[in-house]
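Below is one structure, written out as structure tokens, with a few remarks after it.
Every chain is numbered from 1 and lettered A, B, ... according to where its sequence line falls, protein lines coming before strand lines. Just so we're clear, the structure is a prediction, and the values are computed from it rather than from any experiment.
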Number of protein chains: 2
Amino acid sequence: MSEATVSRVLNGVGPVKEDTRKRVMEAAQQLNYVPSALAQRFALRKSGNLGVILPFLPKVNLFSTYYFSEVLSGIGITAKQRGYDLLLLFREPDEPKDYVNLFRTQKVDGCIILGAQDVPSERAVLDELQQGQYPFCLINQRFDGKTFNTVDADHRMGSFEAVKHLANQGCKRILFLNGPSVYSNSLDRLEGYRQGLAEMKLPYDSSMVLVGNYSRKSGYNLSEAIAWLIKEGRIDAVIAANDRMAIGLLQGLRELGLQVGKDVALMGCDDSDGARLTDPPLSSIQVPFYEVGCMAASNLLDVIAESEHRSFEIKLPVKVVVRASSAAENFSEA
Amino acid sequence: MSEATVSRVLNGVGPVKEDTRKRVMEAAQQLNYVPSALAQRFALRKSGNLGVILPFLPKVNLFSTYYFSEVLSGIGITAKQRGYDLLLLFREPDEPKDYVNLFRTQKVDGCIILGAQDVPSERAVLDELQQGQYPFCLINQRFDGKTFNTVDADHRMGSFEAVKHLANQGCKRILFLNGPSVYSNSLDRLEGYRQGLAEMKLPYDSSMVLVGNYSRKSGYNLSEAIAWLIKEGRIDAVIAANDRMAIGLLQGLRELGLQVGKDVALMGCDDSDGARLTDPPLSSIQVPFYEVGCMAASNLLDVIAESEHRSFEIKLPVKVVVRASSAAENFSEA
DNA sequence: TTGAAAGCGCTAACAC
DNA sequence: GTGTTAGCGCTTTCAA
């Protein structure tokens with residue numbers, strides 16, 4: 001029996017007589033034979049790997065581990081179903097981001113980039129990828145003026161709905177604690193916030209937007225300033241652009257003698273694990289991170305399989321999750 | 001110039017005249033040439049991949065994402081430094097755990113297994129790996145009677161010190177809320193707890209050990225029973241075998257009108273992100289998960305490189321972190 | 001110090 | 001339907 005026949009049987013391609021098929025299968029069983037993925041992939045000139053690029057996470061995680069685990073699981077499960085392996089790539093602070101070499105060395109057939117920032121160096125590298133026709137997909141980050149493949153959540157709608165929710169609870173002056181604008185998230189959320197204020201006919205001025213860096217500490221550090229605004233009656237609600245900042249703020253406000261959910265309404269974004277742990281529990285915007293991961297992997301693998309140059313920009317819906325930190329019955333204004 | 005020479009230059013092996021070395025390097029630069037890792041690995045019959053096997057995580061994470069991110073980062077950074085790529089392998093509930101095929105198909109040169117359980121099927125598969133001389137390493141899990149490569153934290157010492165700490169705060173009757181015994185962690189922690197009680201001459205009887213499943217919910221569900229014990233004066237402190245259960249318990253006790261840190265002292269284990277988010281903040285046992293990951297990767301890669309059959313069992317120290325949930329000045333007993 | 005050539009374990013034309 | 005053969009892009013003997 002020839003090598004080629006065995007290959008045909010094991011890959012289920014080409015015409016094979018049922019009888020020989022059986023004999024091959026039996027022999028393989030007997031000899032305990034499994035084909036070498038290494039050799040297969042070499043012969044096919046395809047790595048069979050989907051690369052996932054993680055941003056550098058300093059000791060104090062600016063990104064929540066929750067976010068990454070969810071997205072990663074989504075990608076991992078989807079890739080697996082489609083016969084791909086997941087290559088996890090950790091970025092380090094100093095090193096140049098030569099995503100292109102990942103492809104040129106044939107380590108990956110496609111890659112998904114997490115935590116990208118809208119800065120010139122990143123734009124340059126992504127342009128290079130696109131010019132090389134290397135399949136890649138960004139998660140949770142858009143680049144204005146570019147048509148990179150993206151899977152994102154509808155963050156604009158999220159803060160829009162958050163404002164509406166707070167307004168319906170009786171809040172009149174809502175502060176927005178945003179994150180850095182290198183993340184398109186931040187811009188989207190800000191836009192939704194302003195649209196929400198307009199929709200609900202609530203006042204806005206630029207002093208009602210503060211900026212942190214998405215860390216818990218940055219929320220905590222702003223708590224004095226925010227406590228003052230609350231005590232002065234200048235604001236009666238806060239939306240933070242992620243849960244971590246909201247939690248930091250909540251802890252800071254408590255230390256300053258203010259009760260979140262009573263003296264002020266508070267909402268986070270992401271609906272991470274932590275939102276359920278605080279006292280009071282934190283209202284938040286639920287983002288389907290797992291599905292984001294699935295969509296990214298699935299669409300990217302489609303592109304790879306079809307080797308067409310279709311591109312995609314997917315936006316998944318989010319949902320307001322109301323908990324005690326913003327429930328009307330709790331706070332004085334209502 | 002021959003193929004062989006180029007190979008020698010790029011890999012820095014064999015004798016090469018400095019002049020030709022330069023010419024090769026320049027040419028490579030000019031042609032923008034990078035060798036195909038795929039072909040290299042095929043020729044060398046080494047995948048260049050370190051596999052990391054993740055346990056199946058159902059929707060409600062029994063394992064904390066914190067734990068995995070830390071361990072994974074440690075593994076990832078170490079592997080990268082040593083020229084290895086990380087292959088992330090998600091287990092799924094039904095599928096057979098055929099770790100051996102990972103090696104036979106040459107997808108990995110070694111693998112690190114997270115979240116292994118001491119159950120017959122897992123033992124069988126690990127035995128198979130060992131008999132096949134395939135290099136692997138367990139994280140945070142020992143198997144009695146086996147000499148598998150392991151990197152673990154000194155969980156026994158952790159709960160031993162936790163008991164001592166609580167005793168020093170004036171606690172006299174300490175309940176232990178353990179996790180399932182398929183994890184060697186749980187057994188180690190139980191042992192440390194009992195040794196600690198003995199050391200501090202505190203009473204023990206089997207009714208002082210309860211068992212949850214490491215989820216927040218399981219801690220929450222036991223809060224009624226535990227509240228009763230507290231109100232009866234039967235216990236004045238609780239050590240939970242992980243933070244998640246401790247946090248669930250804390251939330252449950254609060255709902256039942258008990259103040260943790262005042263009516264009862266509480267400690268968790270793992271010192272996860274969540275320990276800082278609760279009110280009061282949770283005392284816990286800090287485990288160097290990042291270092292655990294580094295050690296596992298580094299030792300396993302040594303074994304692979306030396307292709308000797310050395311085996312290792314490493315135990316890293318832990319540290320009690322005291323926060324308000326167990327601080328003497330807060331609670332009535334002191 | 002360099003080049004020629006064999007071979008790693010598969011797949012895919014192509015011929016039978 | 002099945003076998004023959006030529007690669008895939010490297011590394012590594014061996015000879016020069």
I need the [atom1]-[atom2] distance between [X] and [N], as an integer number of Å.
{"X": "B:F42", "N": "D:dG7", "atom1": "CZ", "atom2": "P", "value": "16 Å"}
{"X": "A:M1", "N": "D:dT2", "atom1": "CE", "atom2": "P", "value": "8 Å"}
{"X": "A:L44", "N": "D:dG7", "atom1": "CG", "atom2": "P", "value": "17 Å"}
{"X": "B:R8", "N": "C:dT1", "atom1": "CZ", "atom2": "C1'", "value": "8 Å"}
{"X": "B:R45", "N": "D:dG9", "atom1": "CZ", "atom2": "C1'", "value": "14 Å"}
{"X": "B:Q106", "N": "D:dC10", "atom1": "CD", "atom2": "P", "value": "18 Å"}
{"X": "A:R41", "N": "D:dC10", "atom1": "CZ", "atom2": "C1'", "value": "18 Å"}
{"X": "B:K46", "N": "D:dT11", "atom1": "NZ", "atom2": "P", "value": "13 Å"}

Between [X] and [N], does any side-chain N or O lie under 4.0 Å from OP1 or OP2?
{"X": "A:Y33", "N": "C:dC10", "answer": "yes"}
{"X": "A:S7", "N": "C:dT11", "answer": "yes"}
{"X": "B:T20", "N": "C:dT2", "answer": "yes"}
{"X": "B:Q40", "N": "D:dT11", "answer": "yes"}
{"X": "B:T5", "N": "C:dG3", "answer": "yes"}

Discussion item. Tell me whether the rings of A:Y214 and A:Y183 are parallel (<30°), tilted (30 to 60°) or perpendicular (>60°).
Written reply: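 Plane angle between 30° and 60°, so tilted.
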Discussion item. Can you classify the ring geometry of A:F103 versus A:Y134 as parallel (below 30°), tilted (30 to 60°) or perpendicular (above 60°)?
Written reply: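 A:F103 vs A:Y134 ring planes: parallel.
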Worksheet item: With sugar-phosphate meaning primed atoms plus P, OP1 and OP2, does B:P15 contact a base, only sugar-phosphate, or nothing at under 4.0 Å between heavy atoms?
Response: base
Discussion item. Once you apply a heavy-atom cut-off of 4.0 Å, does A:S36 come out as touching a base, just sugar-phosphate, or nothing?
Written reply: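 Sugar-phosphate, backbone atoms only, no base.
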Discussion item. Would you say the rings of B:F136 and B:F148 are close, in the sense that their centroids are separated by under 6.0 Å?
Written reply: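 Centroid distance B:F148-B:F136: below 6.0 Å, so yes.
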Worksheet item: Between B:A43 and B:V16, who's closer to the 5' end of DNA chain C by nearest nucleotide?
Response: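 Per heavy-atom nearest nucleotide, the more 5' residue is B:V16.
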Worksheet item: Which comes earlier along DNA chain C counting from the 5' end, the contact point of A:N11 or that of B:G14, where each point is its nearest nucleotide?
Response: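 The residue mapped nearer the 5' terminus is B:G14.
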Worksheet item: Among the nucleotides D:dC8, C:dT2, C:dT11, which one has an atom lying closest to any side-chain atom of B:K17?
Response: C:dT2
Worksheet item: Do B:L38 and A:R41 come close enough that some side-chain heavy atom pair is under 4.5 Å?
Response: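 Yes, side chains in contact.
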Worksheet entry | Matching residue for B:F312 among B:D302, B:T147, B:V303 - test: side chain to side chain contact (heavy atoms under 4.5 Å, CB included) |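 Result for side chain to side chain contact (heavy atoms under 4.5 Å, CB included) with B:F312: B:V303.
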